[in-house]
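Please read the structure below before turning to the comments.
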There are 2 protein chains.
Amino acid sequence: MAERVADIGEFGLIRRIGSLLDTDGRRSGRVTTGIGDDAASFLPRAGYELLVTCDSMVEGRHYLPAHTRSFDIGRRAMTLNISDIGAMGGDVLYALVSLGLPAQTLVQDVEALYKGFLHELNPLDASIIGGNLTGSGNGMVIDITLIGEVEQGKAVRRSGARHGDAVLVTGFPGRAAAGLQLLLRGAHEAGLADNPLVSAYTTPSHRARVGRLLAQTGYVTAMTDTSDGFPGDLGHVCEASGVGAKVVKEEIPVDEAVREAGRILGRDPYEFILGESDDYELVITCDPRHVPFLRSVAARCSAVPLTEVGRITAGRGIDMVLPGGRKIPLDAAGFDHFRR
Amino acid sequence: MAERVADIGEFGLIRRIGSLLDTDGRRSGRVTTGIGDDAASFLPRAGYELLVTCDSMVEGRHYLPAHTRSFDIGRRAMTLNISDIGAMGGDVLYALVSLGLPAQTLVQDVEALYKGFLHELNPLDASIIGGNLTGSGNGMVIDITLIGEVEQGKAVRRSGARHGDAVLVTGFPGRAAAGLQLLLRGAHEAGLADNPLVSAYTTPSHRARVGRLLAQTGYVTAMTDTSDGFPGDLGHVCEASGVGAKVVKEEIPVDEAVREAGRILGRDPYEFILGESDDYELVITCDPRHVPFLRSVAARCSAVPLTEVGRITAGRGIDMVLPGGRKIPLDAAGFDHFRR
């Protein structure tokens with residue numbers, strides 16, 4: 001019978017995870033105390049600021065266990081955090097993983113989860129240096145703290161957007177939202193797991209490498225990742241910067257697959273593109289003169305498009321300019337974890 | 001009617017917490033990005049290593065909401081983490097707080113929780129620089145990541161105990177375990193909240209200041225805090241150091257209140273002292289010649305006793321020497337979050 005965490009206990013599970021990290025994970029010479037002590041320790045680099053972020057995933061709320069493999073849940077949980085470090089212009093260094101686990105969780109599922117974490121961390125030469133395990137009565141809770149670094153003074157915040165700046169976005173907003181709807185509708189359809197929109201939801205890609213390269217140019221005035229949907233996250237930039245924005249509907253990149261999903265689901269594709277969608281794309285602002293240079297920098301490291309979709313305005317709120325010139329206000333509320 | 005988090009939403013709650021931290025919390029000049037961006041950032045100090053730890057508290061599992069005020073839950077959750085940084089010999093710098101909250105949680109309870117966090121952080125000049133809020137279907141989950149620093153090369157690990165070292169412990173092990181049993185037994189008794197053993201469970205004290213001072217002497221070979229009970233945590237030191245230990249029963253400090261609780265509950269007080277008890281005391285090892293000096297250092301900053309209770313041995317496992325000289329093995333399993 002498959003082993004459960006109740007069978008091997010907390011300390012048995014810690015040993016199991018420790019040996020998995022030893023064989024499959026990276027090691028950093030700057031880590032002076034790893035897993036298994038009261039705290040982990042590492043030596044920071046002179047001339048760098050440290051970045052720290054944390055993000056949780058709760059079973060049934062942030063992922064659907066029936067539709068998602070543990071490996072993919074691990075990938076997704078780590079990607080959300082990597083995305084945050086990248087959106088500040090940083091390099092990822094170390095993760096701490098705090099798990100709340102029902103006693104009946106399969107040990108192999110916990111191992112698959114960690115393999116998912118490492119699948120995302122290894123290419124960045126980043127490692128897991130600590131964490132915490134605890135029991136959980138109802139479903140799994142994954143809480144990751146990710147530590148990164150950025151050259152002193154080079155962090156890009158949400159608060160630097162200025163009136164007249166260009167607004168750009170990577171990739172195609174709305175893919176994850178469309179994927180989630182396909183997943184919910186066609187729960188048992190064969191081949192659904194291979195649908196690129198479904199994958200965009202279950203195992204999103206981060207744009208941390210692009211974010212870091214763009215930040216290093218010094219030309220990005222504000223940056224954030226899209227976890228609440230494009231208008232929601234652009235709204236966060238506007239609020240933090242004390243500005244507004246104008247977005248041109250025809251300029252917003254529309255993925256052909258999102259259009260197709262709209263047809264299948266009988267929905268306007270802009271419901272996905274302008275609604276809540278945790279795509280982990282980047283919203284970027286810069287002086288319009290630097291757009292061509294930034295686009296060329298992005299193109300050097302990634303095939304993902306970087307598209308100019310509008311301008312920062314002196315006002316408040318976000319307007320969308322429709323074909324023909326009429327403006328409508330864009331709701332920038334974003335996803336709210338308690339209101340729904 | 002009292003406001004609930006569902007009424008003000010995630011972003012409303014973030015604003016509420018932000019303004020509480022502004023008025024009641026400390027600020028650090030080294031923090032370059034605070035709450036409200038993709039990640040927080042800070043400037044590390046040259047010549048220091050960074051320490052990171054995380055610990056969770058799950059409602060119903062790590063605390064009993066019926067018996068504990070939100071303020072005290074906040075104090076306790078932060079104390080567990082502070083204790084870990086102190087047990088490495090470090091100073092506490094910054095916290096990230098990740099909360100899973102049922103939508104029906106009262107806003108005032110969340111605010112009280114944060115006041116509890118600050119009650120513990122402010123005396124250490126430490127601050128909350130980030131976190132995450134998410135919904136939770138079943139009960140509150142509090143996950144704290146705490147960042148500290150220690151002079152390069154001065155971190156004290158569990159792995160440095162050597163054959164012949166003295167074993168010392170701060171305070172009186174077993175107080176929290178006795179307090180928990182009093183709490184469970186006398187759920188509705190008046191005055192129970194003021195019982196010092198009950199307080200030792202609900203709002204334990206950390207020994208971070210003593211731990212830091214002792215570490216700075218350079219004479220501590222290994223150190224850990226007691227969250228699994230004295231034998232369990234001494235066992236962690238022994239395992240990490242590849243040694244055993246011999247503990248003299250008559251030397252283990254016995255709190256008069258624990259003896260009294262034993263009488264009230266009809267239990268041998270050593271069930272508490274040698275069982276699972278999250279006391280957040282320190283277990284320390286050092287060359288026996290340094291014991292008087294370390295005790296004098298500890299006495300300078302705290303009235304809590306530092307007691308020599310045994311020796312590190314070349315073998316494996318922990319033996320307890322009874323009055324008369326007979327040895328019995330001490331179970332060092334400690335608390336296991338999944339096995340019970």
Side-chain angles (χ1 to χ4, degrees), chain A residues 5-6 9-11 13 32-33 36-44 46 49-56 58 60-62 84-85 87-88 90 94 96 98 100-101 103 129-139 141 143 145 147-148 150 152 155 157-159 224-225 240 336-339, chain B residues 5-6 9-11 13 32-33 36-44 46 49-56 58 60-62 84-85 87-88 90 94 96 98 100-101 103 129-139 141 143 145 147-148 150 152 155 157-159 224-225 240 336-339:
Chain A
V5 300
E10 180 185 3
F11 299 113
L13 188 58
T32 47
T33 313
D37 219 307
D38 294 295
S41 65
F42 67 93
L43 211 50
E49 292 175 53
L50 284 156
L51 300 166
V52 269
T53 184
C54 61
D55 217 328
S56 311
V58 176
R61 210 172 171 91
H62 299 101
D84 279 326
I85 297 292
M88 298 292 290
Y94 312 117
L96 283 87
S98 185
L101 296 174
I129 61 169
N132 187 63
L133 291 176
T134 192
S136 157
N138 295 281
V141 181
D143 204 338
T145 295
I147 301 171
V150 63
Q152 196 174 336
R157 303 188 177 78
R158 296 177 177 179
S159 53
T224 193
D225 68 339
D336 189 307
H337 283 284
F338 301 108
R339 286 201 189 269
Chain B
V5 300
E10 180 185 3
F11 299 112
L13 189 58
T32 47
T33 313
D37 218 306
D38 295 296
S41 65
F42 66 93
L43 213 48
E49 292 175 52
L50 284 157
L51 300 165
V52 271
T53 184
C54 62
D55 217 330
S56 312
V58 176
R61 205 167 176 94
H62 299 100
D84 279 327
I85 297 291
M88 298 291 291
Y94 313 117
L96 283 87
S98 185
L101 296 173
I129 62 169
N132 187 62
L133 291 176
T134 191
S136 155
N138 293 281
V141 181
D143 204 337
T145 295
I147 301 170
V150 63
Q152 195 174 337
R157 303 187 177 81
R158 296 177 177 178
S159 53
T224 193
D225 68 339
D336 190 307
H337 283 284
F338 301 107
R339 284 200 190 270

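Throughout, a chain's letter reflects where its sequence line sits, starting with A, and its residues are numbered from 1.
Here the OG1 atom belonging to B:T32 is positioned 9.0 Å from the CG atom belonging to A:L50, to the nearest 0.5 angstrom.
When the candidates B:G139, B:A39, B:A87, B:G36 are compared by the number of heavy-atom contacts under 4.5 Å with chain A, B:A39 comes out ahead. Heavy-atom pairs under 4.5 Å with chain B were tallied for A:G148, A:G131, A:A46, A:G130; the largest tally goes to A:G131. Heavy-atom pairs under 4.5 Å with chain B peak, among A:G137, A:S98, A:A240, A:S159, at A:S98.
Side chain of B:D37 to backbone of A:R158: a donor-acceptor contact under 3.5 angstrom is found.
Tested against A:D55, the residues B:N132, B:D38, B:T134 include a single side-chain contact (heavy atoms from CB on, under 4.5 Å) partner, B:N132.
A:E49 and B:S41 get closest at one heavy-atom pair: OE1-OG, 3.5 Å.
For A:V58, the part lying under 4.5 angstrom from a heavy atom of chain B is the side chain only. Looking at B:A40, both its backbone and its side chain come within 4.5 Å of chain A, counting heavy atoms on both sides.
Residues A:V52 and B:T145 fail the side-chain proximity criterion, which asks for heavy atoms closer than 4.5 Å.
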